[in-house]
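Owing to the predicted nature of the structure, the values given are computational and were not obtained by experimental measurement.
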Amino acid sequence: MTTGAAELGEIQETLLIPLFGRATETHKPDGLLHDAKAVEMVEAIDYDFARFDGGRSLLGVVLRTSMIDAWVLDFLDKHPEGTVVEIGAGLNTRFERVDNGTLHWVDLDLPDAMALRSKFFTESDRRRMVAASVLEESWIEIVKSFPAPYFLIAEGVLIYLDESDVRRALTLITENFPGAHLVLDTSGRWIIDHQDRHDAMKKVTARMRWACDDPRELERWHPGLHTLESRDLSQLPDRIRPRVPLPRRIVLRAVSAIFRKRFGHYKVNFYRIDGPTN
């Protein structure tokens, strides 16, 4: 099966960047992750992925997704039949990477993105694919039809929304899923203002909109949110640190120390939504 570039329609090209990053990492002998499904999709989609080749951001998206994978696996260790919700699923393959055979899963994305996703993935009794915006309410009852507790992920999603829409999305999540966990990434103002210089963003039309220099600010928006962890990409969880080759760890520490103002203001954040636990 080959999916032509014309079939992508209005889908943001940004969902292709992490896909290519995972596929590229898979080809490395010391790769941080192995994602055969990503390789398959890159080969099937008729798109000039080479325009992203060699960009430093490819390692960044691999580190981000691996960090989130580690938190999901920690959750599944405690709740093997729990439900994971991938908001803005794009062409992510996290289900394939972490499936323990008993978990439940909901992939959520806009209709055009879900139309592309459906060419490569299928539903099952443990997995649903929902074509809707995170700003709508229609997806909430679908998620609640799966067993609690819930672990919600918004990876590379909210930063492309206006702040008012981010606030609405978080209101829907916090009001409907007390006791759940939520992971999302934030970009500081410097990054938003200089994205035209970014090795990948300067090559796509989508633009990051929401600037957040302090992820704990979300606790002031929604008192039910409680920050558990907030990491830049050099601060790797114990679960994945041994898998990152030493030369990469050294580079990350050096970059983080030298460019803390820029690099450190991109965070991957792990929250608990206070409320009844399951």
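The one candidate from T174, L184, V183 that meets the side chain to side chain contact (heavy atoms under 4.5 Å, CB included) condition with Y271 is L184. Across E123, R128, E86, a single residue satisfies side chain to side chain contact (heavy atoms under 4.5 Å, CB included) together with W105, and that is E86.
Judged by distance alone, the side chains of Y266 and D232 never bring a donor and an acceptor atom under 3.5 Å apart. At a cut-off of 3.5 Å, with distance as the only test, no side-chain donor of T227 or N269 sits close to an acceptor on the other residue. Judged by distance alone, the side chains of R94 and T65 do bring a donor and an acceptor atom under 3.5 Å apart. Judged by distance alone, the side chains of T26 and D35 never bring a donor and an acceptor atom under 3.5 Å apart.
Between D74 and R239 there is a salt bridge, with a side-chain nitrogen of the basic residue lying less than 4.0 Å from a carboxylate oxygen of the acidic one. One finds no salt bridge joining R168 and D165 here, because no Lys/Arg side-chain nitrogen approaches an Asp/Glu carboxylate oxygen to under 4.0 Å. Taking a cutoff of 4.0 Å between a charged side-chain nitrogen and a carboxylate oxygen, D193 and R189 qualify as a salt bridge. Checked for salt-bridge contact, R117 and D109 miss the test: no charged N lies under 4.0 Å from a carboxylate O. Checked for salt-bridge contact, D53 and R51 miss the test: no charged N lies under 4.0 Å from a carboxylate O.
Side-chain atoms of E217 and C212, non-hydrogen and from C-beta on, do get closer than 4.5 Å to each other. You'll find the side chain of R22 stays beyond 4.5 Å of the side chain of V42, heavy atoms only. P223 is not listed as a side-chain neighbour of D274, based on a closest heavy-atom distance of 4.5 Å or more. Under the 4.5 Å side-chain criterion, counting only non-hydrogen atoms from C-beta, W71 is not in contact with H181. Using a 4.5 Å heavy-atom cutoff, the side chains of V106 and V84 are not in contact.
Residue G156 comes nearest to R64 through the heavy atom pair CA-NH1, 3.9 Å, listed as atom of the first residue, atom of the second, then distance. Shown here for D238 and P242, the closest heavy-atom pair between the two residues is O-CD, 3.2 Å. The two residues L15 and A113 come nearest to each other via the heavy atoms CD2-CB, 4.4 Å. Here the closest heavy-atom approach between residue F146 and residue D125 is recorded as CE2-O, 4.0 Å. The heavy-atom pair separating P215 from D213 by the smallest distance is CD-O, 3.9 Å. Across all non-hydrogen atoms, the minimal contact from A180 to L152 is CB-CD1, 3.8 Å.
The distance from the CH2 atom of W190 to the NE2 atom of H265 is 11.5 Å, given to the nearest 0.5 Å. Atom CD of residue E229 and atom NZ of residue K267 lie 11.5 Å apart, to the nearest 0.5 angstrom. From I87, atom CD1 reaches atom CG of L158 across 7.0 Å, with rounding to the nearest 0.5 Å. The CZ atom of R167 sits 14.5 Å away from atom CG of L172, with the distance rounded to the nearest 0.5 Å. R231 contributes atom CZ, which lies 15.0 Å from atom CG of D185 (distance to the nearest 0.5 angstrom). The distance from atom CG of L236 to atom OG of S234, rounded to the nearest 0.5 Å, is 7.0 Å.
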### Message
The test is side-chain hydrogen bond (donor to acceptor under 3.5 Å, both in side chains); show your working for T102 and N100 and say whether it passes.
### Response
CA-CA 6 Å; T102 59; N100 60 4; 3.2 Å; yes
### Query
Going through the checks in order, is the side chain to side chain contact (heavy atoms under 4.5 Å, CB included) test met by V143 and L108?
CA-CA 10 Å; V143 171; L108 172 70; over 6 Å; no
### Criterion side chain to side chain contact (heavy atoms under 4.5 Å, CB included) on V268 and I68, from CA distance to verdict
CA-CA 8 Å; V268 186; I68 298 173; 4.0 Å; yes
### Message
Is there a side chain to side chain contact (heavy atoms under 4.5 Å, CB included) between V62 and S66? Walk through the geometry before answering.
### Response
CA-CA 6 Å; V62 169; S66 297; 4.1 Å; yes
#### Entry: Audit row: M41, T93, side chain to side chain contact (heavy atoms under 4.5 Å, CB included) steps and yes/no
CA-CA 10 Å; M41 288 188 283; T93 53; 3.6 Å; yes
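With sequence neighbours left out, the ring-ring contact (aromatic ring centres under 6.0 Å, His included) criterion links F75 to H79, F151.
No chain of hydrophobic side-chain contacts below 4.5 Å, direct or via other Ile, Leu, Val, Met, Phe, Trp or Tyr residues, connects I17 to V39. Hydrophobic clustering, with ILVMFWY side chains joined whenever heavy atoms are under 4.5 angstrom apart, keeps V166 apart from L110.
Using modelled atom types, one side-chain atom of D99 and one backbone atom of G101 make a donor-acceptor pair closer than 3.5 Å. Looking at T83, its side chain does come within 3.5 Å of a backbone N or O of P147 through a donor-acceptor pair. Between the side chain of D107 and the main chain of A89, no donor-acceptor pair closer than 3.5 Å is present. In this structure a side-chain-to-backbone donor-acceptor pair under 3.5 Å is missing from E163 to W210. Put simply, the side chain of W139 gets close to the backbone of V134: a donor and an acceptor are under 3.5 Å apart. One N or O on the side chain of R126 and one on the backbone of L103 form a donor-acceptor pair closer than 3.5 Å. In terms of modelled atom types and a separation under 3.5 Å, the side chain of R207 and the main chain of M201 share a donor-acceptor contact. Counting only distance, with no hydrogens or angles, the side chain of Q195 and the backbone of I192 share a donor-acceptor pair below 3.5 Å.
Between Y150 and F177, the angle of the ring planes goes over 60°, which puts this pair in the perpendicular group of the 30/60° scheme.
At least one cation-pi condition fails for K37 and F95: the charged atom is not both under 6.0 angstrom from the six-membered ring centre and inside a 45 degree cone around its axis.
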